[in-house]
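Since the model is a prediction, treat every value here as computed from it, not as a measurement.
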Amino acid sequence: KEELICDVHTELIKNGGFEHPIVTTPQEWNIYPSGTPTLEWSVVWLPGANSFSSLTRPVLAQLEFQSGVFGWLPFEGHQYVELDADWDGPVGSVTGEPAQISISQMVPTVSGQEYELSFYFSPRPETATAQNSLKVLIDGSLALTVPATAPSANTSWIHYQHSFVATTTSTLVEFKDAGTPNDSYGTFLDDVSMKCVPEEEADPHSIVINEFL
């Protein structure tokens, strides 16, 4: 078995820009169930009702990808995701269903090594402030909370980062919607990255470092 080493140039998150699967619908958004090839993220429904209006919640949780809805811009690439997802997709007619999700990846790590996790968050335009928040968990423990954030007319991407020390040879990284529950709106995520940190550059603090419109 190959021994893991700290390579500061290696990106450890797969599909962190959410460029796959590629959205091809004319509505410029689509939903993909956990386990979809190229998705790379495990998706789980957060607690909520199993039925809403005429719908029954799908057994497999779904991640909503957007690629230009209403002219909203990703931070990088062509796509980003919404962590308050959807049940019936772009051809459906039901909105407001309890579709909050969390997404996670199990990442190979070196025990005792410091890592930096970074990502870009945007509130969904034309929603209430309370609808736009998320939590970041490392191995099931809360690492960082993005507070409820007021939206702008377009996406407004804010960069967050968090450094931590791995305690095992694999680390579970999770992003969980923390906005208003059960309404299917809010919490955009893009450009998730995780790399090991050279010892002299290690920073144990979580900070907001920049904002982009």
Side-chain angles (χ1 to χ4, degrees), residues 11 13-34 36-41 43 45-46 52-53 55 58 61-103 118-136 145-161 175-193 208-213:
E11 176 58 65
I13 295 291
K14 297 178 180 178
N15 197 26
F18 305 104
E19 297 301 307
H20 301 282
I22 299 173
V23 173
T24 59
T25 63
Q27 295 86 354
E28 299 182 303
W29 68 277
N30 208 348
I31 50 176
Y32 300 95
S34 189
T36 298
T38 73
L39 181 60
E40 303 292 355
W41 296 88
V43 189
W45 295 121
L46 297 184
F52 181 85
S53 185
L55 300 180
Q62 301 174 143
L63 181 56
E64 180 175 328
F65 283 63
Q66 298 191 10
S67 63
V69 178
F70 304 126
W72 298 339
L73 302 174
F75 171 72
E76 59 84 34
H78 301 284
Q79 301 183 162
Y80 56 88
V81 294
E82 182 173 8
L83 299 187
D84 211 334
D86 192 86
W87 285 8
D88 58 350
V91 298
S93 60
V94 174
T95 59
E97 66 271 33
Q100 281 186 306
I101 59 168
S102 70
I103 63 172
S118 72
F119 61 94
Y120 286 82
F121 158 89
S122 173
R124 177 179 171 128
E126 301 177 4
T127 57
T129 297
Q131 290 173 301
N132 298 284
S133 177
L134 68 81
K135 295 182 184 295
V136 181
T145 298
V146 173
T149 306
S152 302
N154 204 311
T155 47
S156 180
W157 295 101
I158 306 169
H159 186 200
Y160 284 84
Q161 63 185 36
F175 294 86
K176 179 184 293 187
D177 184 79
T180 305
N182 304 333
D183 66 3
S184 77
Y185 294 114
T187 311
F188 290 167
L189 182 66
D190 199 5
D191 198 25
V192 180
S193 174
V208 181
I209 65 170
N210 212 337
E211 180 168 350
F212 296 83
L213 179 59

Legend entry - Whether E82 side chain and G186 backbone form a donor-acceptor pair below 3.5 Å: yes
Inset, instruction - Hey, could you give me each pair passing salt bridge (charged side-chain N to carboxylate O under 4.0 Å, His left out) that has a residue in residues 21-34? Not counting sequence neighbours. - result: none
Inset, instruction - Tell me, please, which residues at least two apart from D88 pass side-chain contact (heavy atoms from CB on, under 4.5 Å). - result: L55, D86, V94, E97
Legend entry - N30, L189, I101 screened by side chain to side chain contact (heavy atoms under 4.5 Å, CB included) with L63, the one that passes: I101
Legend entry - Results of ring pair (Phe, Tyr, Trp, His ring centres under 6.0 Å) for W72 - residues two or more places apart only: F70, F188
Inset, instruction - Mind checking side-chain contact (heavy atoms from CB on, under 4.5 Å) for S102 and listing every partner two or more places apart, or none if nothing turns up? - result: V44, L46, E174, K176
Legend entry - Listed partners of T127 passing side-chain contact (heavy atoms from CB on, under 4.5 Å), at least two apart: R124, Q131, N132, P151, Y185
Legend entry - Derivation and outcome, side chain to side chain donor-acceptor pair (under 3.5 Å), residues Q62 and S34: CA-CA 6 Å; Q62 301 174 143; S34 189; over 6 Å; no
Legend entry - Flag, side chain of T187 to backbone of S133, donor-acceptor distance under 3.5 Å: yes
Legend entry - For T38, all residues meeting side-chain contact (heavy atoms from CB on, under 4.5 Å), sequence neighbours excluded: H20, P21
Legend entry - Under 3.5 Å: donor-acceptor pair, side chain of S152, backbone of S156: no
Legend entry - N15 and E40: side chain donor to acceptor below 3.5 Å: no
Inset, instruction - Please state whether the rings of Y120 and F75 are parallel, tilted or perpendicular, taking 30° and 60° as the class boundaries. - result: parallel
Legend entry - Test applied, ring pair (Phe, Tyr, Trp, His ring centres under 6.0 Å); reference residue, Y80; option that passes from F65, F18, W157: W157
Inset, instruction - Look at the side chain of E19 and the backbone N and O of Q79, then say whether any donor-acceptor pair between them is shorter than 3.5 Å. - result: yes
